[in-house]
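Since the structure comes first, as structure tokens, the remarks are kept for the end.
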Amino acid sequence: MLVIKNARFVDESIKDILIEDNRIHAVVEQYQGDGEIIDLEGKSYISSGWIDLHTHAFPKYAPYCSHPDLIGYSTGVTTVVDAGSTGANDIAEFYELSRNCKTRVFAFCNVSKIGLKRIDELADLTNLELEPIRKLYEKHPDFIVGLKARMSASVIGENGITPLKIAKSFTKQLKLPLMVHIGSEPPKIEEILAELESGDILTHCFNGKDNNIFRDQDFPLSELIRAIERGIILDIGHGTASFSFHIAKKAITAGVLFDTISTDIYMRNKENGPVYDMATTLTKFLALGYRLDKVIHAVTEKPAQILKQPLLGRIRPGNYADLTIFQLQEKPIKLVDSHGVTMEATQRVVPTAVVLGGKHIELTNNRPS
């Protein structure tokens, strides 16, 4: 039995976690029994393993490529969800790769069969076919968690809103959620929002391009409010060009609440920024004034609910023993958004270990930059 003693939860309680056969056996106070003891001495926080809802974890297609373990457990993230790197042509290859990873992996299948082999994947509508996706989903329902459509000018060519309408018809037939990337128009964000329904995910929700949730107003678009009322999900999806401190601050003032924090990470923005890793992204939201429990909820329980994975996201008996151990270190850091705007912070999130596969794994070289 693996025992994590004196672990500090985000509600500031200190408890012991007993792990057996890769499951949480019990959560208790002052465990006195035997086992492999890891004593955090109340100094380190623990949460359910971080889940990154928007990554690019398939190593084949540059520039949006990486390997699940390089952006996953080694950075404190125990579950990565790939957001459309692969389509029907190669998602089976991605599935086979994922089976050999330490990090838990899920995927949103690109509605274009070529995935990100080309970055204008929705310019040719003949690449959008339902039946190949249906067959793959029936074969890998434990891996494919939804569909992905990147709705920005550089992706859709002359097709306007049509690829999104096709994608929505696919998700309705498969009964899967749709993750939609918003970027530069066309199509306009108002058109995109009008198509989204309960359970669909709007990623890059705080992007600072002209096609953003505020336009040039101080209050959010009415189309956004109606979409939120219908039950759409707002995902951060930081990325190289899709997160703005200015828009995030406007959202706080306007009471627009994100649901999930994700990175849109791949090797280039991991190595060169502005993303670097999940810890840096979480640090940005603490610097913006969000409470630690809200931030951690957005990378644990909420994404687990969206993925319909009840054994992930919460520390409770019977759940998978996917855990992230981290510290809040008082150390100055300069944070940069996708537009080169900086913020100074004095506190940073630093993951120090994960628990995966019943093993405690210490982390190195994972500090926020």
Side-chain angles (χ1 to χ4, degrees), residues 50-57 64 71 77 79-85 106-111 145-152 155 164 167-168 171 176-183 189 192-193 195-209 211-214 220-221 223-225 227-245 247-248 250-252 254 256-266 269 274-275 277-278 280-282 284-285 288 290 294-309 312-313 337-338:
W50 295 347
I51 301 170
D52 195 338
L53 195 66
H54 183 158
T55 73
H56 290 285
Y64 306 119
I71 58 175
V77 174
T79 297
V80 298
V81 187
D82 184 90
S85 301
F106 299 107
F108 285 92
C109 181
N110 198 309
V111 294
V145 294
L147 303 187
K148 171 75 181 294
R150 299 196 309 138
M151 295 302 296
S152 60
V155 180
L164 182 55
K168 279 303 303 176
T171 58
L176 286 171
L178 178 66
M179 176 183 279
V180 179
H181 153 123
I182 52 169
I189 187 173
I192 293 171
L193 288 166
E195 299 294 329
L196 302 187
E197 300 173 305
S198 179
D200 290 335
I201 303 162
L202 186 76
T203 192
H204 310 316
C205 66
F206 289 173
N207 85 78
K209 300 171 185 177
N211 206 26
N212 67 66
I213 61 173
F214 290 94
L221 295 169
E223 290 86 353
L224 176 73
I225 300 303
I228 291 171
E229 290 172 348
R230 290 197 301 274
I232 73 159
I233 293 158
L234 298 185
D235 174 60
I236 295 300
H238 187 306
T240 301
S242 299
F243 177 71
S244 161
F245 284 138
I247 297 297
K250 287 181 72 170
I252 294 171
V256 177
L257 304 177
F258 62 83
D259 293 288
T260 52
I261 297 173
S262 66
T263 61
D264 184 20
I265 196 169
Y266 44 91
N269 64 27
V275 176
D277 50 32
M278 177 61 84
T280 306
T281 306
L282 299 182
K284 291 175 184 180
F285 282 87
L288 284 164
Y290 290 95
K294 165 64 176 174
V295 169
I296 296 301
H297 177 82
V299 292
T300 54
E301 187 170 354
K302 187 60 178 182
Q305 291 171 355
I306 293 166
L307 296 170
K308 296 182 170 57
Q309 297 292 323
L312 297 176
D337 73 3
S338 297

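Between the side chain of Thr260 and the backbone N or O of Lys302, no donor-acceptor pair lies under 3.5 Å. A donor-acceptor distance shorter than 3.5 angstrom exists from the side chain of Asp82 to the backbone of Ala57, with no hydrogens or angles considered. Checked by atom type and distance alone, the side chain of Asn110 pairs as donor or acceptor with a backbone atom of Gly84 at under 3.5 Å. No side-chain donor-acceptor contact under 3.5 Å links Thr263 to the backbone of Asp277.
Between Leu178 and Ala149 the shortest heavy-atom distance is CD1-N, 4.1 Å. The two residues Ile232 and Glu197 come nearest to each other via the heavy atoms CG2-O, 3.5 Å. Listed here is the closest heavy atom pair of Ser152 and Gly183: CB-CA, 3.6 Å. In plain terms, the two heavy atoms of Pro274 and Ser338 that are nearest each other are CG-CA, 4.1 Å. The shortest non-hydrogen separation linking Leu234 to Leu224 is CD2-CD1, 4.1 Å. For Ile306 against Ile201, the heavy-atom pair with the smallest separation is CG2-CD1, 3.9 Å.
One side chain, His54 or Thr203, offers a donor N or O that lies under 3.5 Å from an acceptor on the other. For the 3.5 Å distance criterion, the side chains of Lys209 and His204 fail to qualify, holding no donor opposite an acceptor.
With contacts defined as side-chain heavy-atom distances shorter than 4.5 Å, the pair Ile189/Asn212 does not qualify. Using a 4.5 Å heavy-atom threshold, the side chains of Asp264 and Phe243 count as separate. Residues Ser244 and Lys250 form no side-chain contact, since every pair of their non-hydrogen atoms from C-beta on lies 4.5 Å or further apart. A 4.5 Å side-chain heavy-atom check between His238 and Thr280 finds every atom pair outside the cut-off. Within the 4.5 Å cutoff, side-chain heavy atoms of Val275 are placed close to those of Thr281. Asp200 places none of its side-chain heavy atoms less than 4.5 Å from the side chain of Val180. A heavy-atom distance below 4.5 Å is found between the side chains of Arg150 and Lys148.
Atoms CD1 and CD1, from Ile213 and Ile228 in turn, are 7.0 Å apart once rounded to the nearest 0.5 Å. Here the OH atom belonging to Tyr290 is positioned 14.5 Å from the CD1 atom belonging to Ile296, to the nearest 0.5 angstrom. Rounded to the nearest 0.5 angstrom, Asp259 CG and His297 NE2 are separated by 8.0 Å. Atom-to-atom distance recorded for Leu202:CG and Ile233:CD1 is 10.5 Å, nearest 0.5 angstrom. To the nearest 0.5 angstrom, Phe206 atom CZ is 4.5 Å from Ile236 atom CD1. To the nearest 0.5 angstrom, Trp50 atom CH2 is 8.0 Å from Met278 atom CE.
We find that Lys284 and Asp337 are not joined by a salt bridge, their nearest charged nitrogen and carboxylate oxygen being 4.0 Å or further apart.
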Output, in order, the C-alpha distance, side-chain angles, deciding distance and verdict of side-chain contact (heavy atoms from CB on, under 4.5 Å) for Leu307 and Leu312.
-> CA-CA 9 Å; Leu307 296 170; Leu312 297 176; 5.6 Å; no
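In this structure, Lys294 is positioned above the aromatic face of Phe258, its NZ or CZ under 6.0 Å from the six-membered ring centre and within 45° of the axis.
In this pair, Tyr266 and His56 present their aromatic rings perpendicular. The plane angle is above 60°, beyond the 30 to 60° band.
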